[in-house]
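Lettering of chains follows the sequences in order, A, B, ..., and the numbering in each one begins at 1.
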Number of protein chains: 2
Amino acid sequence: MADQAKGQTERPQRRRRKMQSVTMMDVAEFAQVSPSTVSLYLRRPEAVSASAGSTIARAIEKLNYVPNLVAGGLAAASSRAVSIIVPSVRNAFFAETVAAMQNTLRKEKLQLILGHTEYDEREEEELVKTALSWAPAAIVLTGLSHSDTTRRMLQKVSVPVIEIWELGGQQIDAAIGFHHDQVGAAAAKHLIQQGRRNLAYLGARLHEDRRAKQRCDGFVEAAKSAGVTVDIVQHPAAASAEVGGMLLSEALQALPQLDGVACSNDHVALGALFECERSSISVPERLSIVGFGDLSFSAACNPPLTTIRPSGDLIGREAARLIIEHMAGKDPEPQISIDTRFTLLHRRSS
Amino acid sequence: MADQAKGQTERPQRRRRKMQSVTMMDVAEFAQVSPSTVSLYLRRPEAVSASAGSTIARAIEKLNYVPNLVAGGLAAASSRAVSIIVPSVRNAFFAETVAAMQNTLRKEKLQLILGHTEYDEREEEELVKTALSWAPAAIVLTGLSHSDTTRRMLQKVSVPVIEIWELGGQQIDAAIGFHHDQVGAAAAKHLIQQGRRNLAYLGARLHEDRRAKQRCDGFVEAAKSAGVTVDIVQHPAAASAEVGGMLLSEALQALPQLDGVACSNDHVALGALFECERSSISVPERLSIVGFGDLSFSAACNPPLTTIRPSGDLIGREAARLIIEHMAGKDPEPQISIDTRFTLLHRRSS
DNA sequence: TTTGTTAATCGTAGCGCTATGATTGGAAAA
DNA sequence: TTTTCCAATCATAGCGCTACGATTAACAAA
């Protein structure tokens with residue numbers, strides 16, 4: 001106190017709100033090494049000597065030190081966060097991918113920053129912009145269809161970009177997914193194989209859900225090229241059992257000969273199944289139903305639902321793998337595309 | 001790539017990898033104001049004059065400036081991120097809450113950092129630790145049951161902690177949710193009201209899912225205190241339609257008199273419904289079924305499923321509101337608890 | 001005029017960490 | 001011996017921003 005009263009006012013003491021009580025400096029001091037050694041130990045433990053390493057480890061333990069990832073991210077110009085942008089986590093497909101990614105990334109101490117577009121490109125653009133301002137280790141987005149601005153932003157940037165759940169369009173960098181038109185084609189082929197000749201696709205929200213549209217198109221095309229009658233019955237609302245019921249009853253009215261339907265997803269298929277029950281249409285004798293998704297209830301339906309299972313979790317795991325490899329310094333081949341395929345599960349509804 | 005071609009003086013000293021090309025300094029320079037004014041404009045636009053504001057806005061637009069949230073977070077000792085930890089996003093309940101939170105927080109430019117515990121307290125502990133190292137604006141976790149270490153970490157820390165989806169236990173700070181035992185009781189009361197006297201609870205994963213257990217207990221207690229026969233039939237696996245079918249058939253075998261069941265959730269109830277169909281048990285004449293969750297298919301079942309709807313989205317919205325208010329400086333009452341209630345939807349399965 | 005008051009703006013020291021390049025000590029090579 | 005080399009460690013300049021306190025401008029009150 002007294003020694004600071006030097007006639008003229010000294011530099012005013014600034015006080016800032018501290019983020020945390022124990023910092024890397026404290027650990028360094030306690031362990032009698034420099035902060036850089038602590039930092040090095042934390043990032044590449046094999047680069048410091050065994051003795052220094054154990055001293056530092058003890059200091060960290062003792063002081064209960066928790067590294068500040070924000071500061072680290074700023075200094076390193078890249079944070080240990082992965083930004084993932086999906087249409088909606090309420091959608092079981094994306095939830096599964098998100099969960100799988102999370103489970104793989106967690107082992108590398110990478111965090112997931114989540115965003116929903118609600119199937120809105122403008123929203124996606126906003127989310128990408130925010131995502132970039134976090135300097136993430138990677139950006140994962142859904143589908144290959146984005147606004148020009150989004151595409152431009154992402155091309156300019158140096159973080160790896162991974163597009164998931166769609167293949168076959170123009171990709172920004174890496175893409176992991178499958179061909180949705182092939183899904184539709186597989187459904188059609190299967191129904192035809194079962195002897196069905198009057199098909200329809202029960203589609204929900206085809207105007208917004210590009211991938212559902214692709215499945216529909218693939219279905220129609222395959223049916224047509226097989227010389228089979230095919231029609232589309234659709235509804236603008238999101239896929240649900242309720243919509244499925246409505247669509248099937250509409251389809252039956254319009255196409256009395258109908259003997260096989262493929263659905264936007266298993267929710268729609270479930271609704272169709274219930275509608276059959278209500279209308280005493282025997283499945284699969286009179287009508288075959290094929291869904292998409294293999295949701296949790298699909299195998300337990302009555303009859304169990306024939307469906308096509310995409311590997312949502314595989315997509316997530318592969319995306320995580322790509323990110324981890326990139327962080328490890330492996331330069332991935334540009335414009336890589338990974339086809340995770342899908343599986344037709346033939347159950348009793350067809 | 002190198003879109004910035006500034007004629008920089010050779011500095012053989014240190015060069016660091018820059019995170020971004022255009023910074024707040026650039027904007028300030030362009031707009032002829034100081035960086036602090038730009039910062040102020042970005043955080044509290046009403047605090048700068050209209051003229052300065054519009055100049056800055058123009059500069060931002062012109063230079064295509066994207067703020068660096070990592071740097072901001074470090075300087076402010078708190079990032080614009082909210083950490084949310086749920087058992088799993090594959091679970092529709094939590095997915096709904098996450099989505100609702102996201103939708104509210106997005107308006108405030110807050111990001112969601114997601115973590116999954118997979119119903120493992122040790123994992124939760126790890127996630128909380130990582131979450132804290134992001135200096136989030138708030139931490140949201142699921143349920144009131146945590147490890148001692150987790151609880152200690154969170155009590156020590158100054159960020160707001162919100163526990164969701166459970167009420168009635170010892171809470172760390174804020175809690176938003178409802179009483180699960182009341183859900184069970186409501187189901188029991190409803191079944192009794194429908195004239196049912198031989199009840200059973202079909203429970204999945206009761207040993208791990210604390211909240212499912214509470215619903216079960218509430219159900220049993222309410223039934224007992226009404227003097228009605230009641231039993232529990234359970235399975236260690238996660239709730240699914242498949243498990244539901246198994247549980248119901250087991251229950252019918254053990255309790256031939258059975259005339260009413262409540263289920264862990266609507267997946268289980270759906271499975272029970274299918275089992276009834278397979279076994280030609282008429283619902284609700286011979287057996288009433290009550291679910292939990294009001295999942296997307298519940299209203300479209302045949303018969304439509306009586307169920308109890310929790311307000312997963314309300315929980316998310318309220319959590320977001322609390323966080324936003326806290327950030328706005330409002331000091332929330334400590335230990336606040338918000339009961340979001342639930343609704344019994346009486347449909348034709350009971 | 002001076003003084004006080006308020007609104008708007010500014011200057012700049014950190015926030016905690018990482019990356020770069022420098023330095024060190026001791027063993028191996030000459 | 002001297003020189004070289006390398007692994008281990010260190011010193012420190014930022015990363016881009018926010019918040020604090022200071023300063024200025026504008027105008028009313030004394």
Side-chain angles (χ1 to χ4, degrees), chain A residues 9-29 31-56 60 63 65-80 132-135 137, chain B residues 11-29 31-56 60 63 65-80 132-135 137 327 329:
Chain A
T9 31
E10 281 300 309
R11 171 176 304 153
Q13 192 73 17
R14 284 190 182 212
R15 45 175 226 291
R16 308 237 358 192
R17 188 167 30 189
K18 288 218 174 235
M19 200 175 229
Q20 58 198 92
S21 40
V22 34
T23 70
M24 189 178 276
M25 285 254 308
D26 298 321
V27 174
E29 212 165 290
Q32 308 260 50
V33 295
S34 80
S36 0
T37 307
V38 177
S39 170
L40 193 58
Y41 168 75
L42 251 23
R43 283 172 298 121
R44 286 159 43 211
E46 76 284 359
V48 308
S49 67
S51 64
S54 67
T55 315
I56 292 168
I60 288 174
L63 299 178
Y65 169 67
V66 176
N68 183 329
L69 293 179
V70 180
L74 179 59
S78 159
S79 65
R80 293 193 76 79
L132 286 175
S133 67
W134 275 98
Chain B
R11 229 203 299 186
Q13 272 288 11
R14 278 166 193 247
R15 45 173 219 291
R16 307 243 353 198
R17 187 167 36 187
K18 290 218 174 235
M19 199 175 228
Q20 59 199 93
S21 40
V22 33
T23 70
M24 189 178 277
M25 287 257 302
D26 298 320
V27 175
E29 214 164 287
Q32 307 260 50
V33 294
S34 78
S36 4
T37 308
V38 177
S39 170
L40 193 59
Y41 169 74
L42 253 22
R43 285 172 297 122
R44 287 160 43 211
E46 76 284 359
V48 308
S49 68
S51 64
S54 67
T55 315
I56 293 168
I60 288 174
L63 298 178
Y65 168 66
V66 177
N68 183 327
L69 293 179
V70 180
L74 179 59
S78 160
S79 66
R80 293 193 74 79
L132 287 175
S133 66
W134 275 97
M327 292 194 76

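- Contact annotation: B:Thr23 does not reach the phosphate of D:dC15 (side-chain N/O to OP1 or OP2, under 4.0 Å).
- Listed by chain and number, the residues in a side chain to side chain donor-acceptor pair (under 3.5 Å) with A:Ser39 are A:Arg43 (sequence neighbours excluded).
- Applying the side-chain contact (heavy atoms from CB on, under 4.5 Å) test to B:Ser133 and every residue at least two apart in sequence or in another chain returns A:Val66, A:Leu69, B:Thr130.
- Rounding to whole angstrom units, CG of residue A:Leu74 and P of D:dA13 are separated by 17 Å.
- A:Thr55 meets the side chain to side chain donor-acceptor pair (under 3.5 Å) test with no other residue; sequence neighbours excluded.
- Across all non-hydrogen atoms, the minimal contact from B:Val33 to B:Val38 is CG2-CG2, 3.8 Å.
- For A:Ser49, the side chain to side chain donor-acceptor pair (under 3.5 Å) partners two or more places apart in sequence, or in a different chain, are A:Ser51.
- Each end of the helix from C:dT1-D:dA30 to C:dA30-D:dT1 yields a helix axis from five base pairs, and these two axes differ in direction by 50° (to the nearest 10 degrees).
- Rounded to whole angstrom, the span from the CH2 atom of B:Trp134 across to the P atom of C:dC17 amounts to 13 Å.
- For the pair A:Met24 and A:Asn68, the minimum side-chain heavy-atom distance is 4.5 Å or more.
- We find that CG of B:Leu69 is positioned 21 Å from P of C:dC15, with the value rounded to whole Å.
- The side chain of A:Ala75 sits closest to D:dC15 out of C:dT9, D:dC15, D:dC17.
- For the OP1/OP2 pair of C:dA7 and a distance below 4.0 Å, the side-chain nitrogens and oxygens of B:Ser49 include no atom meeting the criterion.
- Annotation: side chain of A:Leu42 is in contact with side chain of A:Tyr65 (closest heavy-atom distance under 4.5 Å).
- Comparing D:dA19, C:dC17, C:dT18 by their closest approach to the side chain of A:Ala71 singles out C:dC17.
- Look at CE on A:Met25: it is 11 Å from P on D:dA11, rounded to the nearest Å.
- Here D:dT9 presents its P atom at 13 Å from CD of A:Glu46, a figure rounded to the nearest Å.
- Taking atom CZ on A:Arg80 and atom P on C:dT18, their separation rounds to 10 Å, with Å as the unit.
- In this structure, A:Asn68 atom CG and C:dG14 atom P are separated by 18 Å, rounded to whole Å.
- Atom-to-atom, CE of A:Met24 to P of D:dT12 comes out at 18 Å; the value is rounded to the nearest Å.
- Contact between B:Asp26 and B:Ser21 at its shortest, heavy atoms only, is OD2-O, 3.4 Å.
- Side chains of B:Trp134 and B:Val70 form no contact here, defined as non-hydrogen atoms less than 4.5 Å apart.
- Contacts between residues 32-45 of chain B and DNA chain C, defined by a heavy-atom separation below 4.0 Å, involve B:Val33, B:Ser34, B:Ser36, B:Thr37, B:Leu40, listed by number.
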